[in-house]
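Taking it in order: structure first as structure tokens, then the write-up.
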Amino acid sequence: MSTTNSTGAATGLNAEQLRSSLASIAAANGIRRWDLGAACSTDISVQVDRGEPKQMKGAQRSSITVRVWNDAGLVGVTSTSDLSEAGLERALTGAKEASAFGNADDIPAFSPLATAPLASLDQPIHAPKGILSLLDTLKGAEQELLARHDAIATVPYNGLAERSSERIYLNSDGACRQQQLSTASLYLYARAEEAGRKPRSAGAVRLAYGSADLDVAGCINEAAERTISHLNYAPIETGRYTCVFSPEAFLDLIGAFSGLFNARAVLDGVSLSNRDSIGETLAVPFLDIHDNGLHPGNIGASAFDGEGTPTKRLALLEGGVLRNFLHSEATARAFGVSPTGHAGMGAKVSVGPDWFEVSATPGSGGGQSGLDRFKAGEPIVWIDSLSALHAGVKASQGSFSLPFDGWLIQGGEPRSIEAATVAGDIRQVLKAIVGFEGEAKITPDGLCPMVWVEGLSITGEA
Amino acid sequence: MIATAPPTTGVLDSHWSPALEDLLACGRSAGADLVEVFLERTDHLGVLAEQDTITSVTPAFGMGAGIRVFLGHRDGFVSTNDLSPAGLRRALEQALGMLGLAPSSNGRSGFEGLPGLRDFGASKGDWLQRCPQIQEATARLLEGTDQLQRQGKHLQARRGSYARDWQEVLIAASDGTFGRDIRLHQSVGLNVLAADGEHRAGVGRRYGTSDQPDDLRRWDATASAAEVCGSAGTMLYADYVEAGQMPAVLANRFGGVIFHEACGHLLETTQVERGTTPFAERVGEVIAHEAVTAIDEGLTGGAFGSLSMDDEGMEAQRTVLIQNGVLQRFISDRAGELRTGHARTGSGRRQSHTFAAASRMRNTYIDAGPHTPEQLIASVDQGLYCKSMGGGSVGPTGQFNFAVEEGYLIENGQLTKPVKGATLIGEAKEVMPRISMCANDLELAAGFCGSVSGSIFVTVGQPHIKVDSITVGGR
């Protein structure tokens, strides 16, 4: 965890004051065991429209979630955005009331690692530059992007934001976690249209610890290149193709099916895995997937999860074999292992991934070598981005049918695909990986190279 | 910790007038064209039942304010959880500063004061107390999961969920808007995962109403479970759909997601402002088949998207968007009217105080036509019948998509075998003229819509409709 300075501090959560208030309210209400997650943030953001400010926004947010264990050992939870004494009391008493309905078959406990040492993260705190500075930067970026091609007339989705935030985990056994962060984000999605042709759109995103560190030029270049590359589009014939997933697209797919690795989903019976799946071969023998929220490329990484457990690097697949599940305290206890730092907070604790690393298994050769989509002997579908994952993924069934943006590469020449979907089953995808192309790329969701998968079903309008 | 913040237990009523008038006057005297303050309190209850056990009960309380300042066509918006006088003043000054304005000492120049409160919530004061409390809600959910067990086969997981969202809002603006309302939304969802060897089917349904405190008591758990289990049983052994271009008949109720995604979003002034709708200059022109008349309104009693007033204090109304294929109007909010010239339609909506209002749909549906559903199906030689739809989305180029949860092949005018895994994609300009037949069985369904101003309660709807040709993605 980084050090902090006063200029970057969010809104001044005072952990000791919060602990003191909660302890006295809890004692007055006969509550002996409790824990709390608190978060506050200040945000500013701007959007522009053809050189004019479109909307400028600011926000101050605060929220807490408290859990209490009643005399029968059952757990109740309440959330509130009211951090006054009265608000805290209402939250604690609300949680106590809810605890009467706690699930006796699955009682969360404090994480045994809630006081374990945390990894040191290099997260420099930056003072916000202010909204007028953001506005100037974004206007310049929009202007430059509009100038890249005559067909780019608007950048309908754009935004530049700065955020200072702080989060706390406390429990009545003395655990006290606190982390401050400053982050900045930039997104530019351009829209291009030529006479008699359909509009096309693409974009790019950048994250950093402060707006001064954002790769604005890189974001403009990527948004422009992607948008322009889609102007010359054509339909694709429906059929089966070898597909090359961009790092972003492959990580989206893995994220949508992360229930494969989720112990909570396994216990609930909605995962494609089951309790005995550890050690099973799920993928080709040269695929490794780790979850690593601590990777330096993970902007805004959390040092601890919702239960105070330290974040760590965890092998999910090694050599295509399932090695570990993601755990909360409760699921770890059910499996007889240690919590992995992937919990949320609640009466029923959620479990989720942090940041994926997809790579070739060391020593495996990584599938076919020398893959180059521009030198392929057969037509290749290059899937740049997937959309509508919320609608097109059946996580508990393994199947997906998703619209995508991408290119058909024939004879080394890429041509944008007009409109199409890619469909398949994640279990088949993991076993149909041909190999990797290029160096792994850092994205907001993880680290991943280009991934080749054979025999996927593509539906086009042709 | 914000020690000075007031608790969430207060009431938002006319006692706030002096404080709001001070804020509005301060903003106007600083040079703002218009200042709007949105105050909110919320009380949420979520309950989850899995198999035959209550696994989560989650009460949540919230409060906050959103302050928006307009100057010319620009606006600045600031939200805060701090409702103290100092907290609200800080938020206002930040919003003014975004537009290069600062509070002056000119007193209340440019502001005449607020009129009497228009209180839409006066008759709704006991709604929260009349809703089922935790004990009753848990009992009803367990009844639902028990019905799933009784009626389903090969069920690997059964889940029931209940959400009650109570919201009190107070809206004041320097143009004389001063309104209060209480909103109540309740929804119940049932989900199952059926599994038999390699065959798996996950099916879910959600039922929701607004302004009906007794809704959960009236919910028919047996019928809902029958619907979910019937669909899961059918889809468990269904083959994957064969992809391609084909005619499709979309069932009523949630089938309305096609209009919501394919066209409704493109009729929001937000899209006009962005230049992302192909319909911007086409009021009075034919944009759809003459069979299509489409409505957006906030008046249908109990519907999920109904409102007494919108989140800018304007009373709800009925807006005909398309009449027999001809574009009539756009869905507009305050900023949309200012920037595009399309008059407000009572459609300024937001998820919470953390979002500025934007033009958003309410109850949006294609109106009934003259045919029977059987006539639509009989008119198709080879195609797809979409009995139940999943979610969908629309992108910045107007390309839309949505998932089919339960589908059947149509062969020689008859429904034949069930198929799964279908996604429908297309472009609004192309698909709207292809909706060539509407049946006489209009029904509405509750849903959620995520967009620029957050996730809001909406209704989609339609009768059975026939689309002459659409791209079906599958395997």
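The structure displayed is predicted, hence computed values, not measured ones. The chains referred to below are lettered A, B, ... by the order of the sequence lines, with proteins before strands, and numbering in each begins at 1.
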Is it the backbone or the side chain of [X] that comes under 4.5 Å from a heavy atom of chain A, or both, or neither?
{"X": "B:Thr53", "result": "side chain"}
{"X": "B:Asn401", "result": "side chain"}
{"X": "B:Thr80", "result": "both"}

Could you grab the distance from atom [atom1] of [X] to atom [atom2] of [Y], nearest 0.5 Å is fine?
{"X": "B:His44", "Y": "A:Thr80", "atom1": "NE2", "atom2": "OG1", "value": "13.0 Å"}
{"X": "A:Ser63", "Y": "B:Asn81", "atom1": "OG", "atom2": "CG", "value": "8.0 Å"}
{"X": "B:Met63", "Y": "A:Ser84", "atom1": "CE", "atom2": "OG", "value": "6.0 Å"}

Heavy-atom pair count under 4.5 Å with chain B, highest-scoring of [options]:
{"options": "A:Ala419, A:Ala423, A:Ser401", "answer": "A:Ser401"}
{"options": "A:Ala388, A:Ala395, A:Ala153", "answer": "A:Ala388"}
{"options": "A:Ala347, A:Ala104, A:Pro199", "answer": "A:Pro199"}

| query | According to the salt bridge (Lys or Arg N to Asp or Glu O under 4.0 Å) rule, which pairs have a member within residues 392-405 of chain B, sequence neighbours left out? | reply | A:Lys394-B:Glu405, B:Arg205-B:Glu405
| field | Chi angles and distances behind the side-chain hydrogen bond (donor to acceptor under 3.5 Å, both in side chains) call for A:Gln60, B:Asp82 | value | CA-CA 8 Å; A:Gln60 168 270 317; B:Asp82 185 354; over 6 Å; no
| remark: The interface call for A:Ile458 against chain B, heavy-atom contacts under 4.5 Å, is neither
| request: Select one option (side chain, backbone, both, neither) describing which atoms of A:Asp105 are under 4.5 Å from chain B's heavy atoms. | output: side chain
Short question: side chain of [X], backbone of [Y] - any donor-acceptor pair under 3.5 Å?
{"X": "A:Arg191", "Y": "B:Gly275", "result": "yes"}
{"X": "B:Arg339", "Y": "A:Lys54", "result": "yes"}
{"X": "B:Arg200", "Y": "A:Ser396", "result": "yes"}

| message | Run the side-chain hydrogen bond (donor to acceptor under 3.5 Å, both in side chains) test against A:Gln428 and tell me which residues pass, sequence neighbours left out. | response | none
| Does a salt bridge link A:Glu52 with B:Arg74, judged by any charged N lying under 4.0 Å from a carboxylate O? | no
